[in-house]
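What follows is a single structure, written as structure tokens, with notes after it.
Keep in mind that the numbers below use all heavy atoms, side chains included, and drop hydrogens, waters and symmetry copies. Both counts, for ligands and for their atoms, begin at 1 and track the order of listing.
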Amino acid sequence: MRAIVCLRYGPPNVLQLKEVDKPTPKDDQILVRVFATTVTSGDVRQRKADPFLVRLIFGLFRPRKGILGSDLAGEVVAVGKEVRRFKPGDQVFGLGVRTYAEYTCLREKGPRALKPANMTFEEAAAIPWGAACSLYFLRRGGIRAGQKVLVYGASGSLGTAAVQLAKSFGAEVTGVCSSANLELVKSLGADKVIDYTKEDFAVPATYDLIYHTVGKISFSRGLKSLKESGAYVSALLLTSRLRRPWAWVAGRKKVFGGIAKVKPEDMVFLKELVEAGKLKAVIDRRYPLEQIAEAHGYVEGGHKKGNVVITLA
Ligand SMILES: NC(=O)c1ccc[n+]([C@@H]2O[C@H](COP(=O)([O-])OP(=O)(O)OC[C@H]3O[C@@H](n4cnc5c(N)ncnc54)[C@H](OP(=O)(O)O)[C@@H]3O)[C@@H](O)[C@H]2O)c1
């Protein structure tokens, strides 16, 4: 099968298209033919081993898995003998491993679900990373209807999903982005948009929940903008490899960070949200598998809108 192999950390050209053996599913695994994946900011961090912590997780000297990629949409082509949730022919989407390849083997119990019926494979691949992670963080922050929610970094993968998710929970949403993305963020349902190049988001004691997706906000100013019992949630507060999210209370304000944990039922929740018309895919660019290095270069620039999709079919 064709796969993009990454045998060392480095610039985009470390990603090489190769013929590799097709994997065989274990008893508790499904074999998925991947029709679409994405290049996420996380894939770029992994490829560059930036920050150094990446090496402790993914391999000290080289990426242990050899094939990167986490988002996927595709079709189950074989299942191990213990698998009950899926059968060959099922169209699925979710988070996985080694998705920069025509086929990948995934545990049945991981964060996958049937693909939303009203989406193409490309659209479905653009949902898991941004929406599943943002769903986790918004829930950590205790999102509720009627709350004032600020999404800082509203135009990236996590941000575009967060705006839509927060609206679906019934929150009043303010999105912070640059001038070029104001219309996009409004079109996703934001009640208010703030252009970070012209206006300061920080207004004392305004928000019930601040969700921070890009590392450009001062923590203390963020805290000041929270109401007295508000929650500050950051996708960037990664203090250690601890899988458990950490939290502390600053006065009555709560702060959460950590690594998003995504369960199969979260993917089912997102599928239903998509089918109800409350969550749509935001796709900036599409590239074929063989141009993945170019896609990495673009994502590394840090200004993509939503998601960058890779097509394999
Ligand atoms: N903890 C976890 O479990 C977890 C999970 C997933 C992701 N993450 C992290 O979350 C971060 C965001 O991920 P992502 O995939 O959403 O990133 P992304 O899609 O690459 O984010 C790009 C977006 O960030 C915006 N941006 C850049 N500078 C900005 C600024 N100063 N103010 C507001 N927006 C700005 C850009 O808009 P402009 O072009 O307008 O600047 C662009 O639209 C990454 O660092 C990732 O590693 C953490």
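Using a distance-only test at 3.5 Å, with no hydrogens or angles considered, no donor-acceptor pair links the side chain of Asp90 to the main chain of Val92.
Note that Arg221 lies outside the cation-pi zone of Tyr232, set by a 6.0 Å cut-off to the ring centre and a 45° limit from the axis. By the 6.0 Å and 45° rule, Arg285 stacks over the aromatic ring of Tyr298.
Residues satisfying the ring pair (Phe, Tyr, Trp, His ring centres under 6.0 Å) criterion with Tyr100, sequence neighbours excluded, are His296.
Shown are His303, Lys186, Lys305; of these, the side chain to side chain donor-acceptor pair (under 3.5 Å) with Asn181 is made only by Lys305. Checking each of Thr37, Asp43, Val44 against Thr40 for a side-chain contact (heavy atoms from CB on, under 4.5 Å) leaves exactly one that passes, namely Asp43.
Residue contacts with ligand 1, taken as heavy atom pairs separated by less than 4.0 Å, do not involve Tyr136 at all. Residue Cys133 touches ligand 1 through its side chain alone, judged by heavy-atom distances below 4.0 Å. Of the heavy atoms in Arg45, only side-chain atoms (C-beta onward) come closer than 4.0 Å to ligand 1. Counting heavy atoms under 4.0 Å from ligand 1, residue Asn307 does not touch it at all. The proximity of Phe201 to ligand 1, defined as any non-hydrogen pair under 4.0 Å, does not occur for either the backbone or the side chain.
The contact set between ligand 1 and Asn181, taken as ligand atoms under 4.0 Å from a residue heavy atom, comprises 37 (O), 38 (P), 39 (O), 40 (O). Counting the atoms of ligand 1 from 1 in the order shown, those under 4.0 Å from a heavy atom of Ser157 are 15 (O), 16 (O), 19 (O).
On a distance-only criterion, Gly153 and ligand 1 share no N/O pair closer than 3.5 Å. Polar contact check, Gly258 against ligand 1: a nitrogen or oxygen pair lies under 3.5 Å apart. Polar contact check, His303 against ligand 1: a nitrogen or oxygen pair lies under 3.5 Å apart. Not a single N or O atom of Gly42, backbone or side chain, sits closer than 3.5 Å to an N or O atom of ligand 1.
Using a 4.0 Å cutoff on heavy atoms, Thr40 does not count as a contact of ligand 1. Residue Gly130 places every heavy atom at 4.0 Å or more from ligand 1.
The heavy atom nearest to atom 11 (C) of ligand 1, considering only Ile194, Thr160, Thr213, Val176, is found in Thr213. Nearest to atom 1 (N) of ligand 1 by heavy-atom distance, out of Ser134, Gly175, Ala235, is Ala235.
In this structure, Phe121 belongs to a hydrophobic cluster whose other members, linked by side-chain heavy atoms under 4.5 Å apart, are Phe35.
The pair Asp27-Lys81 meets the salt-bridge criterion, since a charged nitrogen lies less than 4.0 angstrom from a carboxylate oxygen.
Within a 6.0 Å sphere centred on CZ of Arg62, other residues, nucleotides and ligands contribute 12 heavy atoms or fewer.
Contact annotation: the side chain of Met119 approaches that of Val274 to within less than 4.5 Å [non-hydrogen atoms, C-beta and beyond].
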